[in-house]
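One structure below.
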Protein chains: 2
Amino acid sequence: MAVVESVLKREFKTDLFAQFARIGGALASGRRLELLELLAQRERNVEDLARLTSRSAANTSQHLQVLRAARLVEGRKAGLRVTYRLADERVFSLWKSLRELGESRLAEVSQMVRTYLNGKDSLEAVTAASLRRKLERGDVIVLDVRPAEEYTAGHIAGARSIPLPQLRARLKGLPKRREIVAYCRGPYCILAYEAVALLRSYGLRAFRFEQGFPEWKAGGHPVQRIEAKR
Amino acid sequence: MAVVESVLKREFKTDLFAQFARIGGALASGRRLELLELLAQRERNVEDLARLTSRSAANTSQHLQVLRAARLVEGRKAGLRVTYRLADERVFSLWKSLRELGESRLAEVSQMVRTYLNGKDSLEAVTAASLRRKLERGDVIVLDVRPAEEYTAGHIAGARSIPLPQLRARLKGLPKRREIVAYCRGPYCILAYEAVALLRSYGLRAFRFEQGFPEWKAGGHPVQRIEAKR
DNA sequence: AAACTAATCAATTGATTGCTTGAATAGTGG
DNA sequence: CCACTATTCAAGCAATCAATTGATTAGTTT
């Protein structure tokens, strides 16, 4: 009797942990994590995701289905296209805590970030709390340098959209003296680094927000979005 | 030039996300998650972990090495034994958020918990905030029904240790009228369910704490530990 | 030094995963 | 109904992972 019960207990635990391992398995591929990072910006169809990650549509579709089987993303079909999005804001939290743990514990990560990103710009970045204060005091220009469509889907309240490729052409619209803070997708997004480098090369007072839009939103800070026309 | 740069960007991203995927990969096995859950209680040597999970020492050692390669656990050798522990409290946070996500999103999990655990006891459980208040008012007896060694390594401040196997023999030491709250390792630990069932069958006013010691500690609530003799 | 122990290593097996390719499906627009 | 498109499916192959077994290493005890 006691033996039977303990076997049951073991089976229960084994099965239970195996379920949780399904989620772990979904996080076990860099490609899938990259898809999660993109979907944290805004929902996307398969083709877009494939293009943004430089992979085939078939391969991207398969990874999305693994993520969907683990219930981390949801897809809905509209016409020919299937649009995927994160299934839950806690999915982003999970990815964020995995990322933070990796940053602090995997020596390789900090090494890579140092050699690649800090080569671009070694300046200290603006924290979320600091950016929030600057915004409330109104003494900062916040630039969203992601593609326009991501700005449309959601951005830091009060930010202006200037996608990186257009930045050079639109320099004259920016004030010479005021402080400018640029942000993009997250800590490993290169756009803001490049934007700050460009702005500084023209003598503007530019800084980089240390995180990105999804982190700002997850932190409960004010956001805006452009409503779609009907 | 722009092409070279974008290839670099792609390689950087691919490599970077692959690093994070190492952690995901370590979380991709139920057996390893079970080890993390045990190590969240207290540090353990390989043999103990193998016994507690009903697996061979060689297999357990291999899983521990996967966890160590992902820097989620650390081992230190003392004499013949190697003692493993969680490398960082954020490792527990990560496991906790994975678990919570799984609970809410994987239908199979809630199904399993319902059929197995709720068969034991369908009563509502006491939350951490509520238990904290009861403790501060002093109108509750808190029982730690885990093995004594886990109690020693750390327990809810003010709790008494009565390992489940000894509970029946020590019933007479418990007050008839006061409220009793039992806890163990976490939401999927069966010990507290069984303790409450036993206490109630003797007419005591027993309830189950909905979580376990690691969650209590991670939540910043007061804990105690028994210092080892030198 | 010999006997013993805890842990790890090494090699093997079978199972699972990942990627590629080409076909199939479902929906759109002429 | 036909041509076209976005996505998914299916098959095949290589690579990786998981569990088992027996050997090996490092450290303790006698």
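Letters A, B, ... are given to chains in the order of the sequence lines, protein chains preceding strands, and every chain is numbered from 1.
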Kindly indicate, with the supporting measurements, whether the criterion salt bridge (charged side-chain N to carboxylate O under 4.0 Å, His left out) is fulfilled by E89(A) and K96(A). CA-CA 11 Å; E89(A) 59 197 13; K96(A) 187 158 157 273; over 6 Å; no

Tell me which residues in residues 32-61 of chain B put a heavy atom below 4.0 Å from DNA chain C, sorted by number, or none. N45(B), V46(B), E47(B), A57(B), A58(B), S61(B)

Does dA19(D) have OP1 or OP2 sitting under 4.0 Å from an N or O in the side chain of H63(B)? yes

Using a strict threshold of under 4.0 Å (side-chain N to carboxylate O), is an ion pair present between E37(A) and R185(A)? no

Starting at CZ of F17(B) and ending at P of dG18(C), how long is that distance when rounded to a whole Å? 17 Å

We want to know whether E215(B) and Y183(B) form a side-chain donor-acceptor pair, criterion being a heavy-atom distance below 3.5 angstrom. no

Contact class for Q62(B) vs. all strands (heavy atom < 4.0 Å): base, sugar-phosphate, or nothing? base

Rounded to the nearest Å, what distance is computed from the NZ atom of residue K77(A) to the P atom of nucleotide dA6(D)? 12 Å

Does a side-chain N-to-carboxylate-O contact under 4.0 Å join E103(A) and R90(B)? no

Would S61(B) and Q65(B) count as having a side-chain donor-acceptor pair, cut-off 3.5 Å? yes

Which whole-number value in Å describes the distance from R81(A) CZ to dT28(C) P? 11 Å

Phosphate OP1/OP2 of dA7(C): any Q65(B) side-chain N/O under 4.0 Å: no

How long is the straight-line distance from CZ of F20(A) back to CD of E100(B), given to the nearest 0.5 Å? 9.5 Å

Write down the distance between CG (L80(B)) and P (dT8(C)), rounded to a whole number of angstrom. 12 Å

Atom CG of L64(B) and atom P of dA18(D) are separated, to the nearest Å, by 13 Å

For dT8(C), does either OP1 or OP2 sit under 4.0 Å from a side-chain N or O belonging to Y84(B)? yes

